[in-house]
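In what follows, chains carry the letters A, B, and so on, assigned in the order in which the sequence lines appear, proteins first and then strands, with residues in each chain numbered from 1.
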Amino acid sequence: MELVYAICVGFMSTCGIFLMLRGHTFTLVIGLTLLSYAVNLFLFASGGLTIGAPAVLSSSENHADPLPQALVLTAIVIGFAMTAFAVILAMRGRADLGSDHVDGIEPFDPLAEDKS
Amino acid sequence: MSVFLEVVVSVLLVFGSIIMLIGSIGLAKLPDYFTRLHAPTKASTLGVACILVASMIFFSVQLGHVNLKEVLITMFLLITAPVAAHMLGKAGLHYKVKMIDSTKNQHLAKKAYLQQHPDDK
Amino acid sequence: MSLFDHLVIFPVLIPFFVAVALLFPGLSNSLRKQRAVSITANILMVVVAFSLLFKVEAQGIQVYALGDWSAPFGIVLVADLFSVLMVCLSAILGLAVTMYATAGEDKTGAFFHTLIMFQLMGINGAFLTGDAFNLFVFFEVLLIASYSLMIHGGGKQRTQANIHYVFLNLIGSSLFLFALGTLYGTLGTLNFADMADRIPLLSNNELLIAKSGALLLLAVFGLKAAMLPLHFWLPKAYSSTSTPVAALFAIMTKVGIYSIWRVHGVIFGDQAGELANIALPWLWPIALLTIVVGSIAVLASKSLRILCSNLVIVSVGTLLVTISLNTVQATSAGIYYLIHSTIACAAMFLLAGLIKEQRGQAEDRFVAARAMPQAGVLGFIFALLAIALIGMPPLSGFVGKALILQSVTEASQALWVFPLVLIGGLIAMIALSRAGTSLFWKNTGEKTSALKGHPMQYIAIGLLVAILPLMVIFGGTVNDYTQLAAEQLKAGLSLQQLNEVAK
Amino acid sequence: MHYFWVPFLPMLGIIVPLFANKLNRSACTLATALLPALALCFIFLDLPAVLAGESFSKSIEWIPQLGLALSFRLDGLAALFSILILGIGLLVILYARYYLSEKDHMGRFYCYLIMFMAAMLGIVMSNNMLQLWFYWELTSISSFLLIGFWSHNSDARKGARMALTITGAGGLALLAGIILLGQVVGSYELDVVLNSGELVKQSPYYIAILSLFLIGAFTKSAQFPFHFWLPHAMAAPTPVSAYLHSATMVKAGIFLLARFYPVLAGTETWFVVVSLTGLFTMLLGAYTALFKHDLKGLLAYSTISHLGLIVLLLGLNTELAAIAAIFHIMNHAVFKASLFMAAGIIDHESGSRDMRKINGLWKYMPITATLAMVASASMAGVPLLNGFLSKEMFFAETLEQSILGSMSWLIPVLATIAAAFSVAYSLRFIHDVFFNGEPKGLTKTPHEPPRYMRVPVEILVTICLLVGIFPNYTIGPLLQSTSLAVLNHTLPEYSLAIWHGLNLPLLMSGVAIMGGVAIYLNRKHLFKFAGMFPDIDAKLVFEDCIQACVTWAQKITMILENGSLQRYAFCLCFFALLLIAPPLFELDTTRGSLPGTPLNAAVLVAAILIIAGSLATIIWSHYRLIALLMLSLVGLVVSITFAYFSAPDLALTQLSVEIVTVILLLLALYFFPQQTPTSKSRPSHFVRDLTVASFIGCIIGSICFALMTHPLDSISAFFLANAKTGGGGTNVVNVILVDFRGFDTFGEITVLGIAALGIHKLIARMRLSVRTKDYAGRLWAKDKYPVLLSVVSQSLLPLFLLISAYIFMRGHNLPGGGFIAGLITSIALIQQYLAHGVDWMAKRVSVSYHYMIAIGLTIAGLTGLGSWIFDRPFLTSWFEYVSLPWIGKFELASALVFDIGVYFTVIGATLLILASLGKLTTTERLTVGER
Amino acid sequence: MDKLRKFVWFPTPYHSVLLWLVWQILHDFSRGHMVLGAVFAIVIPWIVAPLSEEAAVAKKPIKALMYTFRLLIDIAVSNYDVAKRVLQSNRSLKPAFIAVPLDIKDPVPLTIFTSSVSLTPGTVSVELSDDRKWLYVHVLHLEDEQALIKLIKDRYEAPLKEIFGC
Amino acid sequence: MLTYAILIACALICCALALNAWRLIIGPTTPDRIIAVDTMYINSIALIILLGIHQGSAIYYESALLIALLGFVSTSAFCKYLLRGDIIE
Ligand code: NA
Ligand code: NA
């Protein structure tokens, strides 16, 4: 189970980071969201995986590590705030700069030049 | 938990999940958008309702008192699912999705489409 | 507990409550009232910061256990000589920036004073906290406030620069969480002191994983600190944002530096056994390269604000050198240089704002333009700041630079540090003298009609500039302090000591 | 002990002219001169003791950690230089009174001049090396200001910059040298350092220290190859040249060599480097001076030549050479200052400095001419003038030295040649200016200057004569005490007599004078010869060099900072990878000792869904809406994963946050192109990014696996044990959030609030282009608010609110809490926005969302502050179980109030973001016009 | 909207009852929650009141309950029918659109009607005409168009008209 | 017996989810994908309820409730987006 979990986290990180390395703001936001899912899962797993033992007293015998859960909760909220800001900033960029490329203009494309 | 109740719960669970699976099979297999639109309504009605009833019985027994919480979920689903389906139907019309040729009254689809797009002759 | 016992948390709470108060009707719709409240609050913060400083000086480290939960279970604020000094610095900067902004820049967008306050809250929180995850939270507070402040006033350039700044920092924040997860997963705690204590208990494999996490933190802090190769965002960001914000940002890189000091200088410092000084092999070449690349960029700068941004990068490199030297003397020199460079850069950014306003279309670019109506006084301040930034006497720059050079004791290190720091200074001199001559001496002779600076703006700049000679005149006292701060920092603080202090 | 005040007096005097500027010119001059004059008096008060061989020093601690002290000394060397600085300074002040025109800002000029004077005094009187450097740099700064005084003049700007750059660079080298020296000696006090000569010379750092000091000295004193700045500094007003370039600034380097003579001199390296540099500079300066048509240019190169001479003397390995050097320092200062002043008078009264234009001035200004002729005769080394005496000593020492071994004879020969050129250019100065026919093309008729403008020249020329004729009475004692200070031990025998009999030096003098006359007579051929070489303008070369550096720097910076975020982000990721990967390669195995949990099919399906979803997000990242759908799939599975692994709170939060995020992204997507242009990203980048991302992913995955399989001894047990007893709740996660680590939550809602405010800022003044068709060209549907949606949304609202109340109330003991409840409420309201539109809501909801944020934050903050009343730290929680009849026992907790703050902040922030964005899009759409 | 609308203790009594009931369901009818539930049942309608529009109210609650019950049975029955269709070959399907003429106009009964149609597996209401005179329904398998229209109108629309009295 | 029933049910629903994912990925149109996601929401409710029964814990109930509520919001937002472009107007 742990192995599968770790693979998922790694894979999501890969996808998230790859998308964050693209050149358009919206793609970056998508990547950011994906990456923060990965981050949350990672942080969550730092205390180990537990099944059927929520950190609610009297609900079960043993309990999952509650601290990473609390950290992830904080991270989710902060991540949401940041994503929201990033999205609106991306819109602002599109409005101000006329392009949704992260650098404000679409880069010069040598391939397109060859074709024409 | 008495054997009877256990049987009831088990049957409900399996039955519900079979219905849900059939719904999903429909979603995967049915030939065009509008026929596929029928699938989630199946799942969200009887299928999930069976499972919820099973859960209700199970927890009533386990907790030792009447537990009706799952009714709420069913209620929500019954209220929302048709609206979601309606919105999806509108979206399908808007998109002019392909219908299989055997669909009858295709002119009605066109008519319904024009309700929303009077300019698009 | 008297009110005085809560002093440690005041630098976080005052800006918080003031920021929130500014949102309520009554204040939110009257800029005049906002300005009055904001300036008063900033003065109060300066008073509080210095009271705290004297308290810490007199009574030793102050620990504030939030929620009355002792470390490592609860979050604690730790005010030691170094952190308190940083809080003082941010208070002074906050005051100057707010005063400068009341001359009109706070009108160009909503929530300016609120956001400045939140920004200060984040900065102070990051300085004071003794908990790794809480540090993350305060980093985010200061970051989100800085994102919002950076676009204050609007404009294409700001949006563009902000996009780069925000997205890079978002990656940085994700990495921060990865690092925190790794450290928690190996050390099982979040309190700095407890983390340091637990390192010796780790098994070999865990040590290696913890090392990865700790080094990842270096990348995160390095991004904030703008060290090579993570510095690219800085020149554009600082040079395109509004004047007061740029000045306030002068301390933002220092937050990164401060964190490197706290985490890699102390937790993973000399006492960390297997994990001792793991960052140093990286920091040393990075520090030197940062100076080199920063200096090259200084020479290449085409406007005063870009020049000043690049000087910030050079100062970051210089500070990293002092971190890498890893001695009490170097740390002390570094702390002195940190105060100096923060204040000088902030003042220069404020000045650049005035120059920009008075030169019309040419702004602060190094081209011939109409003469400034207040060229005399601006030129005088420019000269002072240039002298300070180059590191020439009689202002504090030379003391900082000389202290740093003196703290290099090994010949192999001196071989790198001496030439780089000195040539960096020479390049700054060349660049600033070119800048000064083209800004102040090269005029097109057009009629001047530009606005004159507001007295408040001059007071703000004066406040900062005045500190520079004071740091020389009272250099002995300041150095005594930084020396003690450095000793305290290097000595570290175990959980037991922390909890004893808390009682 | 009067000397201790001397450096401070001019420093005080810096501000005097700025205030005195409002008075008339003469009063301003007087006021300016007052403090320097007082300082000079103070020196004279202490002079007798100094002449008697005493040396004073006094030190006050300043920055002990740095080794910097307020430390001054007065010995012969300091006294000599102080007298030169103050004396000539006073004369220059007087001279400048007449030189400066009405247009020039006199106060500013004097301010800079006094600043410079103070700095020079500081250098010569410092008893602390760092303090010496402190003043050394001040001279660079003030000379920059003085040279650039006529800032409207491009030559002045460039000249000033060049001087600053060269001398500043030297200053930095000097600092390095001083710090090294200080570290070798262990002190920066000159008292100590000057007596540690042997220690220094044996130190491994000696060569480094010496080179750094020499760079400092040579740059300041315009020695080859750093000499080129000096002629261009002539763009300065003439009083500046008279002061800086004769007596003071350029002598600072010489002073440095003299001051550290006991410490650094006496080795082979010193002799060879110093003497050869001096020799070459002397020859080069003398030769070049002859061909300068500009009066001041000639004097500048002459200065270079004489400085070379002095340096050569300091580099000769005889003790008397040092004494000769000191003697020549004084003499050169006197005659060169007077010559500069004379040149200034000529320039001032004739309007030109070009020797091809100014001829035959004898007729127009006989007195000035006489003075200038005497001074230049001194420069040429004509007997009965001071220049002759020191030159004679110089010749004598060139004959005594042995530094070049068997080739040592070269030095006297070259010295004689240089002297001959010196005679030639002096002759040219006299003949070409005062005789040689009539003036050509002058703008005004030359005449004598105002009476007092000539006074300084007269005084200086008188000194030339007096020293030249009665050396023993005038200069003897001072020279002796100075030499004592330089050599730092008993002096060898020397004689200041005018007549030493017929000897080799006299012969050399004779040869030099005859040679000089011969050279001058044959000047036409020489000029032709010199004309064959291209005239290199050092200023242009220097500017070109700097410009080339700047261009190069700009290129490098452009390459590094190419403005591409993709590059920067890649750097960040790659750097992070570099940092984290190496330790992991040393790891034996990532698997820890904990037994793994068995895998089951459900988890496998979830994993497949996550991987497929992520992969699909990447693959369809160009089709943004689809990518968004894929993303919401991943989000859903992640939420379920949280639920599965015992984190119901996380599941709830993740679910609600995901929905809000999706709505936000949908709102935004309306204004974005629906597809990302694909052809634009280069394949190589694609591969590069994918590689780095994969590596990072692998590492993250490995670490994650390692963390899950390693046993962890964490602080969590405490939370489980104390949640109920100490925090009053059974949902430990919630208790951590609102109590144990409530401060994190406090920061977190602040972040949310700030984000909302920032977004509000972003949205203000945003101009968007609204599309009237979707990306495939379909017209939008007509129905804005489908009736079914409206009815159902409206009737769901109370239920939504009830459920959010339910989630809120149970938070402390069971999964839930203020944040999730806040999000549910927000989503319920967003659903109303969705179904009814902004206008409908605006009419009905009068709450301003940013007040709501403020209220939420205030509640949270005040709850925290509340604990102060009970003498507890911020955010200390309180709870109590209360019993009421019939109802039974229930709990009251301050954490609940804190959670209310969280609840309101969340609602305020979420709705401020979504509603203002929604409003914006709608108004934009209206302005564009709905079909 | 006049902001000074008159204060009413129970703006929507049905809602209040429903809310109270839901609260009890959520909390398993404990005593304390009977009080707390009542508080919410009163307060939430106040909060929601400004956001509510005048809506038709069921005039015959008993009939409404019966309608609900019948609908549930219909759902169960037609589920079986549709399950068969889904599992059969696609070629045997006879999907179709039908247009159902509408008699009710009021939004609430209209919504309930269209929802009922959608909830019973096999039919989905996809569009409502502009003038609310026609409901366009997609049928998964249509044998007899007119029969189906009649069935829908009789089985669902007629009772609703009665319940809401329109 | 209940355990087996849960296992079977779980397996069936996982199959259902996999089929939904299949539809999500192949499309072909965007509305198709939205239906797929919507159905997945509903299937997830069942899955979570099953999890609750399996572990005998009522603690997962709220997650199911929330999915029921939020799935609807999400679907209607996506549909509104397709129909109008602007979801809040
Ligand atoms: Na149906
Ligand atoms: Na809108």
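Of the two parts of B/Q62, only the side chain, counted from C-beta on, holds a non-hydrogen atom closer than 4.5 Å to a non-hydrogen atom of chain F. Neither the backbone nor the side chain of F/A11 comes within contact range of chain B, judged by heavy atoms closer than 4.5 Å. Looking at B/Y95, the atoms closer than 4.5 Å to chain F (heavy atoms on both sides) all sit in the side chain, from C-beta outward. Of the atoms belonging to F/I49, it is side-chain heavy atoms, and not backbone ones, that fall under 4.5 Å from chain B. Heavy atoms of B/L93 lying under 4.5 Å from chain F are absent altogether. Interface residue B/I25: backbone and side-chain heavy atoms are both found under 4.5 Å from chain F. Proximity to chain F (any heavy atom under 4.5 Å) is shown, for B/V7, by both the backbone and the side chain. Both the backbone and the side chain of B/L37 come within less than 4.5 Å of a heavy atom in chain F. Only the backbone of F/S57 comes within less than 4.5 Å of a heavy atom of chain B; no side-chain atom from C-beta onward does. When heavy atoms are compared at a cutoff of 4.5 Å, F/L69 approaches chain B solely by way of its side chain, counted from C-beta outward. For chain F, no part of B/K98 is nearby; none of its heavy atoms comes within less than 4.5 Å.
Between B/K69 and F/E62, some side-chain heavy-atom pair lies under the 4.5 Å cut-off. Looking only at side-chain heavy atoms (C-beta outward), F/T75 and B/T80 stay at 4.5 Å or farther from each other. Side-chain contact between B/L21 and F/N43 is absent, with no heavy atoms from C-beta onward closer than 4.5 Å. With a 4.5 Å cut-off on side-chain heavy atoms, B/I73 and F/Y61 count as touching. Inter-residue side-chain proximity for B/R36 and F/D32 is flagged as met; some heavy-atom pair is nearer than 4.5 Å.
Tested against B/S24 for a side-chain contact (heavy atoms from CB on, under 4.5 Å), the candidates F/I13, F/N20, F/L17 yield a single pass: F/N20.
F/A58 and B/F59 get closest at one heavy-atom pair: N-CE2, 3.7 Å. What you find for F/A5 and B/S10 is that their closest heavy atoms are CB-CB, 3.4 Å. For the pair B/L88 and F/P31, the tightest heavy-atom approach, listed with the atom from each and the gap, is CD2-O, 4.2 Å.
For the salt bridge (charged side-chain N to carboxylate O under 4.0 Å, His left out) test, no residue two or more places apart in sequence or in another chain qualifies with F/R33.
Heavy-atom pairs under 4.5 Å with chain F peak, among B/V14, B/V48, B/I51, B/L27, at B/L27.
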Stepwise side chain to side chain contact (heavy atoms under 4.5 Å, CB included) test for F/L2 and B/F58: CA-CA 10 Å; F/L2 186 58; B/F58 177 84; 3.4 Å; yes
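To the nearest 0.5 angstrom, B/M87 atom CE is 8.0 Å from F/F72 atom CZ.
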